[in-house]
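What follows is a single structure, written as structure tokens, with notes after it.
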Amino acid sequence: MTELERPIYITTPLYYVNDELHIGHATTTVYADTLARFWRDCGRPVLFLTGSDEHGQKIHKAATAAGTTPRGFADRIVGKFHELWEKLDVQYDIFIRTTDPFHEAAVQQVFERLKAADLLYKSNYKALYCVDCETNYTEKDLVDGKCPVHKTVPQNVEEENYFFKLSSFTDKLKQHIEANPDCIVPEPRRNEILGKLREGLNDTSVTRVQFDWGVQLPWDTKHVIWVWADALVNYISSLGWPDGDHYPTDEFENRARHKHELPEGVKPFDYWWPEAVHIVGKDILWHHSVIWWSELLGAGVKPPKQVFAHGWWQVEGEKMSKTLGNVIRPGDVAEKYGRDAVRYHILREGPARGDADWRHASFVTRYNADLANGLGNLVNRSLNMLVKYFDGKVPEETTFTDAKLEGLRQDLIGHVNDLSDRLLGDVRRFDLDGALEQIWVLVRDANAFVNESAPFKLAKDESRRQDLAASMHALLEVVHALAYALKPFLPDAAQGIASQLNIDLGERLPAALNWGRLLPGHQIGTPAPLFQRLDEKVDG
RNA sequence: GGCUGGGUAGCUCAGGUGGUUAGAGCACAGGAUUCAUAACCCUGAGGUCGCGGGUUCGACUCCCGCCCCAGCUACCA
């Protein structure tokens with residue numbers, strides 16, 4: 001099977017319903033959405049999953065405080081999730097909630113298997129609990145026997161819980177990660193996990209008894225399964241694991257939007273799981289590699305193919321936090337500047353490799369420089385000239401009579417024809433910034449080409465009609481290519497270019513990104529600026 | 001403390017299995033131009049590639065030491 005025939009399954013984490021989503025959640029989701037769109041545009045079978053995580057003590061408490069039930073509380077927040085994904089045009093295929101009954105059943109199945117494999121045992125869970133932090137500490141976390149944050153002596157907490165034999169997976173995980181260099185990306189994150197594995201793993205408690213908002217342990221119902229051991233199972237429960245022959249979310253209104261026909265007799269889990277890719281923030285990499293993979297191995301399931309862990313945003317050089325009041329609300333930014341502007345800033349300046357800094361000044365600068373002055377102006381000036389000089393009809397392709405100009409034209413042809421391979425290479429490595437840079441090299445070259453070939457001068461000289469046609473044809477080919485290349489990254493802009501070009505972007509990506517796709521005589525629509533320049537004054 | 005990254009132009013970063021004048025974008029200055037959203041294009045200025053040693057004909061690139069920054073250090077979803 002070629003790469004483009006292999007099904008790929010892309011997931012975001014299920015976001016916890018304790019609060020509204022901020023730019024960090026949007027970042028994870030936009031990365032995932034862009035990857036999903038890209039492969040989908042290439043004709044590759046894609047399943048893109050997101051959802052909500054609704055169990056745990058925090059939710060129980062928050063719901064009680066709000067005078068409602070946990071599920072009712074979750075419903076309200078989940079509604080906001082949907083609003084945001086709508087605003088950012090996130091095209092997920094499935095939205096799963098950990099309170100879905102089929103999910104709870106799958107979690108219980110996992111635990112039955114862990115029990116059968118003798119990977120669970122009962123033991124006393126001892127911890128030092130700081131009431132102010134609501135956090136359990138171990139001896140070594142403490143400073144002079146006191147909570148490092150509040151400088152108070154923590155309580156001794158002791159209860160009987162089920163423990164998972166995480167320690168027995170140390171070597172297996174190490175071998176797996178060493179044998180699969182790309183299973184955790186980027187590389188520094190992989191090193192972190194390997195480093196921690198070298199220190200060895202401790203068994204970990206995976207059930208709780210102080211509250212009941214969670215999935216019950218089937219054979220000992222006063223225990224509730226620890227949220228992390230519960231939540232990540234969604235990645236397989238939404239595929240109907242272990243042996244479902246359909247997507248369980250099909251039974252819910254508005255929760256499943258996939259349009260895939262599975263091959264006859266193939267179950268969703270078997271179809272999608274081999275190339276599962278989890279997109280996560282670096283804070284939950286540990287859970288998504290070590291704990292999740294051990295859980296899977298224990299239950300007899302192969303780990304997913306890859307985990308991509310991105311970094312965090314800072315805001316104007318400071319940590320983003322509620323108490324500082326500097327939380328970036330992606331929905332608000334999208335409403336003010338457009339969702340493509342948000343997507344572009346995330347993809348271009350975001351924390352894909354390390355951490356990044358969300359600065360309003362660079363947001364505005366990039367918007368003006370790249371989107372309005374670069375891309376938008378190129379499209380606008382090209383289409384306007386076509387209307388002026390050829391009544392909006394694409395001329396026949398022809399060569400320049402001038403050798404130097406013909407050389408520049410050949411460069412553009414080469415760049416357009418190479419673009420799909422370059423994009424594929426970058427996207428494969430999760431380098432979405434690199435992919436956009438490839439596109440913008442073409443934008444800059446094309447703008448330079450306008451100045452070099454100067455169609456506005458050629459138009460004044462009837463004897464240069466062939467050169468004028470050569471120039472305008474080339475520019476229209478570039479604009480056409482840009483519409484396709486941008487489609488996964490900036491869907492609105494791509495659609496805007498397409499409607500001005502009067503085309504529908506219906507072709508598949510690798511093929512569509514080739515020179516010569518515009519028919520001579522094709523009549524374009526009405527040109528209009530894609531991105532209005534921002535007038536805001538910014539410092540620095 | 002341990003582990004992992006990183007310190008390259010004003011800013012954000014790329015690069016280099018050691019070898020002619022170290023790259024891009026943005027910002028800045030000058031010029032050119034008028035198709036276009038006072039946009040675009042060209043040119044320029046700007047860096048002792050964190051510091052100190054070492055290896056080498058030659059290091060920003062390799063080795064050692066040091067300084068600084070960031071992240072990770074698990075049951076907090």
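In what follows, every heavy atom counts, from backbone to side chain, and hydrogens, waters and symmetry copies are set aside. Numbered from 1 within each chain, the chains take letters A, B, ... in sequence-line order.
Spacing between atom CD of A:Glu295 and atom P of B:rA74 amounts to 19 Å, rounded to whole angstrom units. Distance A:Lys165 NZ to B:rA74 P: 24 Å, rounded to the nearest Å. At whole-Å resolution of the value, CG in A:Leu408 and C1' in B:rC42 are 14 Å apart. When the C1' atom of B:rA74 is taken as reference, atom CD1 of A:Ile184 falls 14 Å away, rounded to whole Å. A:Trp226 has its CH2 atom 10 Å from the C1' atom of B:rC76, to the nearest Å. To the nearest angstrom, C1' of B:rU12 lies 16 Å from CH2 of A:Trp358. The CG atom of A:Asn202 sits 10 Å away from the P atom of B:rC75 (whole-angstrom rounding). Taking atom CD on A:Glu452 and atom C1' on B:rA32, their separation rounds to 12 Å, with Å as the unit.
For B:rC3, the paired base is B:rG71 (Watson-Crick or G-U wobble, both distances below 3.5 Å). When both distances must be under 3.5 Å, the Watson-Crick or G-U wobble mate of B:rC62 is B:rG54. The partner of B:rA29 is B:rU43, by the rule that a Watson-Crick or G-U pair needs both atom distances under 3.5 Å. For B:rG23, the paired base is B:rC13 (Watson-Crick or G-U wobble, both distances below 3.5 Å).
Contact annotation for A:Leu166: base contact, defined as any heavy-atom pair under 4.0 Å involving a base atom. Residue contacts shown for A:Asp355 are limited to sugar-phosphate atoms, with no base heavy atom under 4.0 Å away. Residue contacts for A:Gly434: at a heavy-atom cut-off of 4.0 Å it reaches no nucleic acid atom on any strand shown. Contacts of A:Leu378 with the nucleic acid, taken as non-hydrogen atoms under 4.0 Å apart, are absent. Nucleic acid contact class of A:Trp286 (heavy atoms, under 4.0 Å, all strands): base.
Taking atom C1' on both B:rU37 and B:rG23, the two are 30 Å apart, rounded to the nearest angstrom. Across B:rG6 and B:rC49, the matching C1' atoms stand 13 Å from one another, rounded to whole Å. Spacing between B:rA9 and B:rA24 at atom P, rounded to whole Å, works out to 14 Å. B:rA38 sits 13 Å from B:rU33 when the C1' atoms are compared, rounded to a whole Å. To the nearest whole angstrom, the two C1' atoms, one in B:rU21 and one in B:rG25, are 22 Å apart. Between the P atoms of B:rG7 and B:rC13, the separation comes to 10 Å (whole Å). Across the P atoms, B:rC68 and B:rA27 are found 36 Å apart, a figure rounded to whole Å. Of the C1' atoms belonging to B:rU8 and B:rG47, the separation is 8 Å, rounded to the nearest Å.
Checking A:Lys319 against A:Tyr16, the closest nucleotide of RNA chain B that is more toward the 5' end is the one next to A:Lys319. With the nearest nucleotide of RNA chain B identified for both A:Arg359 and A:Pro188, A:Pro188 has the one nearer the 5' end.
With distances taken from any side-chain atom of A:Glu437 to the nucleotides B:rA24, B:rG5, B:rC75, the minimum falls on B:rA24. Closest approach to the A:Ser205 side chain among B:rC75, B:rC72, B:rC76 is made by B:rC75 (side chain taken as heavy atoms from C-beta onward). Nearest nucleotide to the A:Leu201 side chain, out of B:rC11, B:rA74, B:rU33: B:rA74.
No side-chain donor-acceptor contact under 3.5 Å links A:Tyr15 and A:Asp53. With no hydrogens or angles considered, a side-chain donor-acceptor pair links A:Trp292 and A:His278 at under 3.5 Å. Between the side chains of A:Ser167 and A:Asp203, at least one donor-acceptor pair of N or O atoms lies under 3.5 Å.
Relative to the ring axis of A:Phe390, A:Arg465 places its NZ or CZ within 45° and under 6.0 Å from the centre. Remark: A:Arg76 qualifies as a cation-pi partner of A:Phe73 under the 6.0 Å distance and 45° angle criteria applied to the six-membered ring.
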Its contact letters, B for base, S for sugar-phosphate only and - for none at protein heavy atoms under 4.0 Å, make nucleotides 35-40 of chain B read BBB-SB

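Of the residues listed (A:Leu383, A:Asn377, A:Val379), the one engaging A:Arg381 in a side chain to side chain contact (heavy atoms under 4.5 Å, CB included) is A:Asn377, and it is the only one.
Checked by atom type and distance alone, the side chain of A:His288 pairs as donor or acceptor with a backbone atom of A:Ile284 at under 3.5 Å. Judged by distance alone, the side chain of A:Tyr344 and the main-chain N or O of A:Tyr367 form no donor-acceptor pair under 3.5 Å. Judged by distance alone, with hydrogens and angles left aside, the side-chain atoms of A:Asp467 form no donor-acceptor pair with the main-chain N or O of A:Arg464 at under 3.5 Å.
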Pair A:Arg444-A:Glu437, salt bridge (charged side-chain N to carboxylate O under 4.0 Å, His left out): steps then yes or no: CA-CA 10 Å; A:Arg444 285 191 285 270; A:Glu437 179 56 24; 2.6 Å; yes

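The phosphate of B:rC76 has OP1 or OP2 within less than 4.0 Å of a side-chain N or O from A:Arg208.
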